[in-house]
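Single-structure report; data block below.
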Amino acid sequence: MPQYDLLIRNATLVMPDGALDADLAVAEGRIAAIAPELPGDARETIDAAGLVLLPGVIDAHVHFNEPGRAEWEGIATGTRALVAGGTTAFFDMPLNAHPPTLDAASFDAKRAAMQAQALADFALWGGLTPENLGQLDELAACGVIGFKAFMSNSGIDDFHAADDLTLYEGMRSAARLGRIVAVHAESDALTSAMARRAVAAGRVSARDYLASRPVVAELEAIERAILYASETGCALHIVHVSSGRGVALVAEARARGVDVSCETCAHYLALTGEDVERIGALAKCAPPLRDESEQAALWQQIFDGTLPMVTSDHSPAPASMKTGDDFFKIWGGISGCQSLLAVLLTEGYARRGLPLATIAHVTATYIAQRFGLAAHKGRIALGTDADLVLVNLAQEYTLHAADLLYRHQHSPYVGRKFRGQVVRTFVRGHTVVRDGQVVVTAPLGRLLRPV
Ligand code: ZN
């Protein structure tokens, strides 16, 4: 009997404190040994000389639309795209599937759909809406990773925005239940009124849409959410922060003791408002893409540690929903989960000199810590799950639509040059991607619960 299931030799391991040239052994799905020139044998040995081994990405923000709207994406296609891009665990949002995840029955339905198809481990967000304040306890008992609320219109009829009282009372319950509340932070009062005014005047271009969701709408909502969190003692997470000033508000609140965190998304780091005008509807999202000065601020905050988390907010839709003359009517959501790590390796490591350890931190380590998964996930360390991605940093490629594994092969990243090809992806030691190709079809994803 070989001593290990898997031996990865000669890779550069991206450890929490920096790079380490060593061998890594896996047994029973966990990292069993790390050392230079490890003695022993394994059922499979990989010579990874010249390659970099990172912790698998944990994408804390995707919408896979299943059950109920699998024609938009689906778990099978969505998770194929994830693992191809180096992601080994993900948190699915409570909306854009139907029914939305608002109670135990809808949680169970989504969990069953995930277990039947997911190629990566998963956690499920529960919703916080005016209709389900009475179901937060049962959702916590089911094991939701947290509760997601919208402070502005969600864009979909079956998931209603949380008014202030819902948000305040929901945070009180979440504090009691020990769960994080995540908010889409944009002022509905500002964005709805500005959108109505623009549409009434016939101003419906991409630039008009961007102008209807100014940074101040994000800042006002972030401040209000922080106030409620500080009053209730609830742990708060601001999803998809698009502006440096938004991240700064979160950092200031954290410094004075509020339990608050935030994420930005790869598209805010890779694309700007000018790209929305050039690319069109495929680059529509909310909050919208900003100008270069906000993007530069976000990068600076990743470098200095103020911004410790990046997600994809993969929010796919059929091509028919991503076309039209009225930019306000087009579905807002970017297909991008396959390219999350690629954006950070290319725009961060290769272009700006961002350390690989920082990339591991913002895509995995911090997320596992923040959401109660750090015992098994998020870093390369003895005893943790062997969720790993092996990358060839020397390899450049241009992303073509045919490379996308989404149900609908469109993305604002198509045509873009990337650096750093995913060679292998391992989920708990299982090879799910080999030589860049997804090689498993049998589902293996397990539910992750916060502890
Ligand atoms: Zn989202």
Side-chain angles (χ1 to χ4, degrees), residues 57-66 68-69 72-75 78-79 81-82 87 89-98 100-102 110 122-129 144-162 180-186 188 191 213 217-218 221-222 225 236-243 246 261-271 281-290 309-317 321-322 330-340 343 363 367 370-371 406-408 411-413:
V57 172
I58 302 173
D59 191 342
H61 190 156
V62 303
H63 303 261
F64 284 162
N65 315 100
E66 194 170 356
R69 287 192 189 88
W72 291 20
E73 178 62 272
I75 296 160
T79 60
L82 282 184
T87 297
F90 64 101
F91 303 174
D92 194 58
M93 281 291 170
L95 71 163
N96 304 353
H98 186 81
T101 313
L102 296 177
K110 187 181 274 188
F122 60 92
L124 302 183
W125 287 97
L128 165 57
T129 70
V144 289
I145 199 79
F147 300 109
K148 165 79 178 289
F150 271 75
M151 297 176 74
S152 57
N153 189 313
S154 75
I156 203 152
D157 291 340
D158 59 14
F159 196 95
H160 295 148
I180 291 177
V181 166
V183 293
H184 175 129
E186 284 185 292
D188 193 51
T191 55
R213 305 187 89 98
E218 177 170 79
I222 289 174
L236 174 65
H237 178 71
I238 317 287
V239 297
H240 52 49
V241 178
S242 65
S243 64
S261 55
C262 68
E263 73 193 33
T264 193
C265 304
H267 41 261
Y268 300 115
L269 298 169
L271 301 164
L282 294 180
K284 179 184 173 183
C285 59
L289 297 173
R290 306 297 189 188
M309 178 165 166
V310 183
T311 67
S312 72
D313 190 7
H314 179 70
S315 181
M321 293 173 65
K322 294 298 273 179
I330 291 164
W331 175 256
I334 284 179
S335 286
C337 68
Q338 194 172 328
S339 304
L340 170 55
V343 165
T363 59
I367 297 160
R370 178 63 174 153
F371 291 94
Y406 311 137
R407 172 144 304 170
H408 304 286
S411 168
Y413 300 125

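Remember, predicted model here, so these are calculated numbers, not experimental data. Hydrogens, waters and symmetry mates play no part in the numbers below; they use all other heavy atoms, side chains included. In each ligand, atom 1 is the first atom listed, and ligand 1 is the first ligand listed.
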Exercise. Taking both backbone and side chain into account, is any N, O or S atom of His63 nearer than 2.8 Å to the Zn ion (ligand 1)?
Worked result: yes
For this session: Provide the atom name of the closest N, O or S atom of Asp313 relative to the Zn ion (ligand 1).
Result: OD1
For this session: Give a yes or no on whether His314 keeps an N, O or S atom under 2.8 Å from the Zn ion (ligand 1).
Result: no
Seminar exercise, completed: In Trp331, Tyr406, Phe64, the residue satisfying ring-ring contact (aromatic ring centres under 6.0 Å, His included) with Trp72 is Trp331
For this session: Anything under 30° is parallel, anything over 60° is perpendicular, the rest tilted; go ahead and classify Phe122 against Phe90.
Result: tilted
Exercise. Are side-chain N/O atoms of His314 and Asp59 paired as donor and acceptor at under 3.5 Å?
Worked result: no
Exercise. What orientation do Phe371 and Phe91 show, parallel under 30°, tilted 30 to 60°, or perpendicular over 60°?
Worked result: perpendicular
